[in-house]
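Worth knowing before you read on, the calculation uses all heavy atoms, side chains too, and leaves out hydrogens, waters and symmetry mates.
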Amino acid sequence: MINELMRLRNLGRYVVALESLNLENIDALVTLVAEDVVFFDPFNETQGKSAFHKIFSDMLLNMKSHDFHVTQTAISAPVEGVSIAFLKWELDAVISKSLGGSWHVKGCSEIHFSPEGLVTAHIDFWDVGRDFYEKIPILGKLVRFIRGRLKS
């Protein structure tokens with residue numbers, strides 16, 4: 001029972017840090033990850049705490065505003081000490097007009113927790129074609145054309 005409570009507490013702390021993330025409190029998120037944390041999304045594949053910090057700070061610097069909200073969570077029982085959590089989330093952001101202006105993304109993250117409760121991997125899954133490339137002028141037309149051709 002205590003282990004389950006610890007897993008839920010660690011997951012809750014990570015979700016709160018993600019949902020309240022801004023440039024002023026980014027260190028609160030980084031303290032929850034292991035030194036060799038792996039981060040992967042459609043644009044990045046990095047390892048290490050400093051690379052993790054850079055990914056999130058660059059993302060925040062490129063957004064004029066954002067609202068990130070986790071809508072559902074699930075966490076596994078530990079296997080060899082590692083628990084895996086899944087976060088279903090939505091992001092609304094305002095970015096530069098050349099990159100599409102407003103941005104609404106629905107995605108899922110796979111979060112690995114060490115036996116000590118630190119995040120060892122953060123892997124994001126979302127439709128980069130629909131949610132990003134299609135919104136970029138010119139490129140968006142090409143992506144929509146290709147998507148239309150591939151529909152069954």
>> Could you go through L18 and W89, starting from their C-alpha distance and side-chain angles, then the distance that decides it, and tell me whether this counts as side chain to side chain contact (heavy atoms under 4.5 Å, CB included)?
In response: CA-CA 10 Å; L18 287 170; W89 49 262; over 6 Å; no
> Passes side chain to side chain contact (heavy atoms under 4.5 Å, CB included), I75 versus F86? Steps please.
Replying inline: CA-CA 6 Å; I75 190 164; F86 296 93; over 6 Å; no
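A chain of hydrophobic side-chain contacts below 4.5 Å, direct or via other Ile, Leu, Val, Met, Phe, Trp or Tyr residues, connects V30 to F56. Criterion: ILVMFWY side-chain heavy atoms under 4.5 Å apart, direct or through other members. Under it, L32 and I55 are part of a common hydrophobic cluster. Residue L8 is grouped with residue Y14 when hydrophobic side chains (ILVMFWY) are merged at heavy-atom distances under 4.5 angstrom, including chains of intermediate members.
When side chains are defined from C-beta on, L87 does not count as touching T71, because their heavy atoms never get closer than 4.5 Å. Side-chain contact between V119 and F52 is absent, with no heavy-atom pair separated by less than 4.5 Å. Under the 4.5 Å side-chain criterion, counting only non-hydrogen atoms from C-beta, T120 is not in contact with F113. Inter-residue side-chain proximity for L60 and I26 is flagged as met; some heavy-atom pair is nearer than 4.5 Å. Using a 4.5 Å heavy-atom cutoff, the side chains of L11 and I111 are not in contact. The shortest side-chain heavy-atom distance between I123 and H112 falls under the 4.5 Å cut-off. Side-chain contact between F125 and E110 is present, with heavy atoms from C-beta onward closer than 4.5 Å. Side-chain contact between S57 and L23 is present, with heavy atoms from C-beta onward closer than 4.5 Å.
The minimum heavy-atom distance between A121 and V37, with the atom names listed, is N-CG2, 4.1 Å. Closest approach of N10 and G117 over heavy atoms only: ND2-CA, 3.2 Å. Closest approach of N25 to S20, counting heavy atoms only: ND2-O, 2.8 Å. Closest non-hydrogen pair, H53 versus D27, comes out as NE2-OD1, 3.4 Å. Residue S83 comes nearest to A77 through the heavy atom pair OG-C, 4.2 Å, listed as atom of the first residue, atom of the second, then distance. The two atoms that bring T46 and A51 nearest to each other are CB-CB, 3.7 Å, heavy atoms only.
Remark: side-chain polar atoms of N44 are not paired, donor with acceptor, to backbone N or O of F40 under 3.5 angstrom. In this structure, the side chain of H66 engages the main chain of L21 through a donor-acceptor pair within 3.5 Å.
Remark: E90 CD to K106 NZ distance equals 5.0 Å, nearest 0.5 Å. Here the CE atom belonging to M63 is positioned 10.0 Å from the CZ atom belonging to F68, to the nearest 0.5 angstrom. Considering CZ of R7 and OG of S76, their distance stands at 7.0 Å, rounded to 0.5 Å. Atom CZ in F43 sits 11.5 Å away from atom CG in D124 (nearest 0.5 Å). Residue M59 holds its CE atom at 13.0 Å from NZ of K54, rounded to the nearest 0.5 Å. Atom CH2 of W126 sits about 8.5 Å away from atom CG of L91, to the nearest 0.5 Å.
Counted within 6.0 Å of NZ on K88, heavy atoms from surrounding residues, nucleotides or ligands total 12 or fewer; the atom is thus considered open.
Using bins of under 30°, 30° to 60° and over 60° for the plane-to-plane angle, the ring pair H122/F39 lands in the tilted bin.
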